[in-house]
Amino acid sequence: GPSVDEEHRNRRYGEGVTGTEPRRYRASDAERDAVLEVLNAAHTAGRLRLGDLRERQERVLAADFRNRFGPQREILLAASTREGEEGPLLEAFARMCPPEVLLVLVPRHPDRFDEVARLVKRAGLKMQKRSKGVPVMADTRVWLGDSMGEMHAYYGAADVAIIGGSWARLGGQNPIE
């Protein structure tokens, strides 16, 4: 049967539970659970598996992002976008999405962060950057994910995700994305 850890994870995060949506928790709850799980894993297995620790850290970061965005906001993630995609995306977003929807825009290549920020400003949308580390204001329309190594947390915080390279003829991304 499932271990105590699996039962706890299923109960707390909705993993493995069919027909239900995972519940959202404050970052402090997720952090506490992650620490307890890590300590339990160290005690029972005698060692930590790096992948498990990374997954827990990403879950905590996703909860932190969600809290920054505002738990009531709908979050549209545009992940790993590539050159030529952001302009049409921003235009459609401004025209079709109500103000309570937040676009989390994460360019695939870090050397494009500044260029994409200029595109957002040109589109007339209020933007904040991940690198600033502050809560997202209610009137912010775009949160620029100008960070590296946090894509799984962005996915975890989003309600809907669209993947760059998948709507233009750019060859898509890797199969996991």
Side-chain angles (χ1 to χ4, degrees), residues 13-15 20-31 34 54-177:
Y13 296 103
E15 295 174 8
T20 63
E21 272 190 49
R23 289 193 251 161
R24 301 197 195 290
Y25 294 92
R26 294 185 319 272
S28 61
D29 290 343
E31 288 169 355
R54 183 172 180 208
E55 181 182 319
R56 289 181 185 100
Q57 290 169 333
E58 290 167 349
R59 200 174 338 162
V60 168
L61 185 58
D64 177 58
F65 285 168
R66 192 66 201 203
N67 282 336
R68 286 187 207 190
F69 300 156
Q72 303 306 317
R73 282 189 98 167
E74 294 292 323
I75 309 303
L76 171 62
L77 171 64
S80 297
T81 59
R82 292 162 70 185
E83 188 171 358
E85 294 181 319
E86 295 94 358
L89 171 67
L90 290 165
E91 181 183 316
F93 176 77
R95 190 176 65 248
M96 299 172 66
C97 290
E100 59 272 10
V101 176
L102 177 68
L103 173 62
V104 176
L105 180 56
V106 187
R108 182 161 185 85
H109 301 290
D111 59 336
R112 297 194 60 246
F113 291 160
D114 291 337
E115 173 191 347
V116 173
R118 285 189 296 274
L119 288 171
V120 174
K121 286 182 184 178
R122 226 177 286 144
L125 297 166
K126 183 173 178 193
M127 176 189 70
Q128 287 182 256
K129 294 182 177 183
R130 157 70 173 116
S131 58
K132 300 296 182 191
V134 297
V136 177
M137 303 304 292
D139 62 342
T140 296
R141 298 294 316 275
V142 178
W143 198 62
L144 181 63
D146 58 344
S147 62
M148 295 298 295
E150 297 180 332
M151 190 60 76
H152 291 286
Y154 290 127
Y155 283 122
D159 295 302
V160 175
I162 54 176
I163 314 303
S166 63
W167 68 83
R169 293 187 177 268
L170 298 171
Q173 308 295 2
N174 68 58
I176 294 172
E177 291 181 297

Could you walk me through whether R141 and F93 pass the side chain to side chain contact (heavy atoms under 4.5 Å, CB included) check?
-> CA-CA 9 Å; R141 298 294 316 275; F93 176 77; 3.3 Å; yes

Drop me the distance from [X]'s [atom1] to [Y]'s [atom2], to the nearest 0.5 angstrom.
X    : Y    : atom1 : atom2 : result
D139 : L102 : CG    : CG    : 11.0 Å
H152 : E150 : NE2   : CD    : 11.5 Å
I162 : L77  : CD1   : CG    : 8.0 Å
M96  : E91  : CE    : CD    : 11.0 Å

With side chains defined as the heavy atoms from C-beta onward, is the minimum distance between [X] and [Y] less than 4.5 Å?
X    : Y    : result
E83  : H109 : no
V136 : R73  : yes
E100 : E74  : no
I75  : R66  : yes
Y155 : I163 : yes
F113 : M148 : yes

Ion pair D64/R68, N-O distance below 4.0 Å |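 So D64 pairs with R68 through a salt bridge.
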
Atom of [X], atom of [Y] and distance for their closest heavy-atom approach:
X    : Y    : value
A157 : A62  : CB-O, 3.6 Å
L119 : E86  : CD1-CB, 4.0 Å
G84  : P88  : O-CD, 3.4 Å
E58  : A153 : O-CB, 3.7 Å
G145 : R130 : CA-CB, 4.0 Å
V101 : C97  : CB-CB, 4.2 Å

Do other residues, nucleotides or ligands put more than 12 heavy atoms under 6.0 Å from K132 NZ?
->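 No, because the 6.0 Å sphere around NZ of K132 holds 12 heavy atoms or fewer from other groups.
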
Is there a side chain to side chain contact (heavy atoms under 4.5 Å, CB included) between E85 and L89 once you walk through the steps?
-> CA-CA 6 Å; E85 294 181 319; L89 171 67; 5.8 Å; no

Is it true that a side-chain atom of D146 and a backbone atom of S131 form a donor plus acceptor pair closer than 3.5 Å?
->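 Side chain of D146 to backbone of S131: a pair is present.
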
Could you label the plane-to-plane angle of the F65 and Y154 rings as parallel, tilted or perpendicular, counting under 30° as parallel and over 60° as perpendicular?
->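 The rings of F65 and Y154 lie parallel, inter-plane angle below 30°.
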
Yes or no on side chain to side chain contact (heavy atoms under 4.5 Å, CB included) for L90 and L103, after CA distance, side-chain angles and deciding distance?
-> CA-CA 9 Å; L90 290 165; L103 173 62; 3.8 Å; yes

Can you check side chain to side chain contact (heavy atoms under 4.5 Å, CB included) on V120 and L144, steps first, answer last?
-> CA-CA 9 Å; V120 174; L144 181 63; 5.6 Å; no

